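Everything numeric here is computed off the predicted structure, so don't read it as measured data. Note on naming: letters A, B, ... go to the chains in the order of the sequence lines (proteins, then strands), and numbering restarts at 1 for each one.
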Number of protein chains: 2
Amino acid sequence: MRRAGLSRERILDAALELVDRDGVAALSMRRLGKELGVEAMTLYYYLPNKDAVLDGLVDRALAGVTVRPEGPWREWARAFAVSFRAALLAHPGLLPLLATRPVSTPGGLLTVEIAAGALVEEGFSPTEALHVITTLATFVIGQVLAEAGRTPGHDQPDPEPPVDPARHPVLAEALAAGLGTPGDHEDRFVYALDALVTGLAPR
Amino acid sequence: MRRAGLSRERILDAALELVDRDGVAALSMRRLGKELGVEAMTLYYYLPNKDAVLDGLVDRALAGVTVRPEGPWREWARAFAVSFRAALLAHPGLLPLLATRPVSTPGGLLTVEIAAGALVEEGFSPTEALHVITTLATFVIGQVLAEAGRTPGHDQPDPEPPVDPARHPVLAEALAAGLGTPGDHEDRFVYALDALVTGLAPR
DNA sequence: CTCGCTCTCTTACGGTGTAAGAACGTATCT
DNA sequence: AGATACGTTCTTACACCGTAAGAGAGCGAG
C-alpha cells in the first residue's frame, strides 16, 4: 500500500488531462483513480465527491481569465471577450460544464466587480454594467459552444449532415465558401463581437 | 401483460413532463418506464436508445421556433430571437441538452435556409448570413443559460453567494436594484439583443 | 386450433457514485 | 525496541444506470 503522493491539485491535473483527451463523459472516479494508480475511493480523501472534481476543473479552466480595464472600455471589453474565448477553447471538453455552471467563484466575482466598477465610471448604471458583463460572458459561451460544440466526447469528426444544395442553396454555398473551418470561426467571432460591443452603450 | 398503448409520442410526452418536473438528470429509462407503467426495456421497442429520447425532446422543444422574414430584416430577426428565447424558457430543464447539440434536424435546417436566403437579399453574403444566424442563435442560448442557468435539476432556489458589499460594492448595488429578478432578465435580453442586432450589418 | 406478429417482460452484464469501515505504512512517544 | 496514533489507501457493498438477448403474453388471420 504505497503512498501515492496524491493531492487535490495532482488529482485535478489528471482529471483535466483525462477530460482533454477523452471528453467529460469519460471522467469517472474509477477511471480517474486508475490514471493515478490508485483505487477510486482513495480520491474521496481529497475531494468530497465527483461534483467537487468538476467544480475544480471549471475553476482551473477559468483561472487565467481576468480583465484589465485600461483605456477605452470597448477595447478592454473586447480583449476580455477574446481572452475568455481562448480560455474556453483551451479545454473544449469542459464546455458542457462551463456552460451550465454559474460564475460563483471568488475570483470570478472579483473579476466581475472590477469590470463593473470600470463601466460605472464610463456612465453605466451598476445594473447596466452587470448587464454588459453578463451579456459579454454569455455571448462568448454561446459562440464557443457553436464553435467547438458537438456533444461531450468531441467525437465524430463530421458526419456531414445531409445538406442538399437543391433544398438549401444558400446554406450549401456558404459551406462551399469555407463555413465551419477554424478561420471561419475566428471571423465570425470578431464579426459578432464587434457588432455587440458597438451596440452596447449607457442609456 | 396488458398492452399499454404506448407510442414514440406518448413516451416523449412523459419524458418531457419528467424533465420539466425533475430535471434532465432524473431522466432514466427505468424511471421513464415507471412513469408510463411499463418496464424500462419496453421503451426500446419505440426508441433505439436513450439518446434518441433526448434528441426527441430537443426536437420537440424547438418545433415551434420558426422565422417569418417579412419587413425590415432587423425586425424579424429580433422577433426570431424573442420566440427562440421563449421556446427555450418553456423547458429550462432541456437547456443543458439544447446548448450542446448542434442544429441538425430537417426543420432546423429549413429555418436556417429561409432566414439565410432573406438575409442574402438584404445584401449579406451567404457566409455572412449564416454568421448572423449562428450569432443570433448562440446569443439567445447564452442569454437563456445565464437566465435559467444553474445546473440540471434547477434545484436550489438561491443559496445567496456571499456578496460582501465591502468587497463588491458595485455588484451589491446592482443586486439591491433588482438584478436577477425575472423582469431584469427580460430587460437585459432586449437590451443586449438590440445592441447586437444594431451592430450587425453586411460588409 | 394454430400460426405469426406485435408488444412486453425477465434476466444479465458491465458500468456508475459513494457510504462504511478495515488495513496498511510511517512518525512519534515512551 | 515496542506501543500508539495518525494519515492514507483499499475492500466490500449498495443502489442505480444503459442496454443486449431472448423468452413469453396477447391477439388477429388463416
Measure from NZ on B:Lys50 to P on C:dT16 and round the result to the nearest Å.
15 Å
Side-chain contact test, heavy atoms from C-beta onward, threshold under 4.5 Å: evaluate it for B:Gln143 versus B:Arg188 and give yes or no.
yes
Is there a side-chain contact between A:Tyr45 and the phosphate of D:dC10, meaning an N or O under 4.0 Å from OP1 or OP2?
no
When the distance from CG of A:Leu47 to P of D:dT8 is rounded to whole Å, what number comes out?
13 Å
Could you go over nucleotides 11-13 of chain D and give all protein N or O partners under 3.5 Å, atom names and distances?
none

Length of the CE-P vector between A:Met29 and D:dT9, whole Å:
14 Å
B:Asn49 CG - D:dA20 C1' separation (whole Å)
12 Å
Tell me which pairs pass side-chain hydrogen bond (donor to acceptor under 3.5 Å, both in side chains) where either residue lies in residues 47-58 of chain B, with sequence neighbours left out.
B:Asp55-B:Arg101
Tell me what B:Leu27 touches on the nucleic acid: a base, only sugar-phosphate, or nothing, going by heavy atoms under 4.0 Å.
sugar-phosphate
Between B:Val65 and B:Thr111, is any pair of side-chain heavy atoms under 4.5 Å apart?
no
Just how far, in rounded Å, is P of D:dG7 from OH of A:Tyr46?
12 Å
Determine whether B:Leu88 and B:Leu62 make a side-chain contact, defined as any pair of heavy atoms from C-beta on separated by less than 4.5 Å.
yes
Nearest whole angstrom, please: distance from the C1' of D:dC17 to the CG of B:Leu54.
14 Å
Rounded to whole angstrom units, what separation is found between the CG atom of B:Leu32 and the P atom of C:dT8?
13 Å
Kindly indicate whether the side chain of B:Glu17, heavy atoms from C-beta on, has any atom under 4.5 Å from the side chain of B:Asp13.
no
At less than 4.0 Å, is any side-chain N or O atom of A:Tyr44 found next to OP1 or OP2 of C:dT18? Yes or no.
yes
Side chain to side chain, B:Trp73 and B:Leu200, heavy atoms closer than 4.5 Å:
yes
Could you tell me the separation between the NZ atom of B:Lys34 and the P atom of D:dA15, rounded to a whole number of Å?
13 Å
Measuring from B:Leu171:CG to A:Ile133:CD1, what's the distance to the nearest 0.5 Å?
8.0 Å
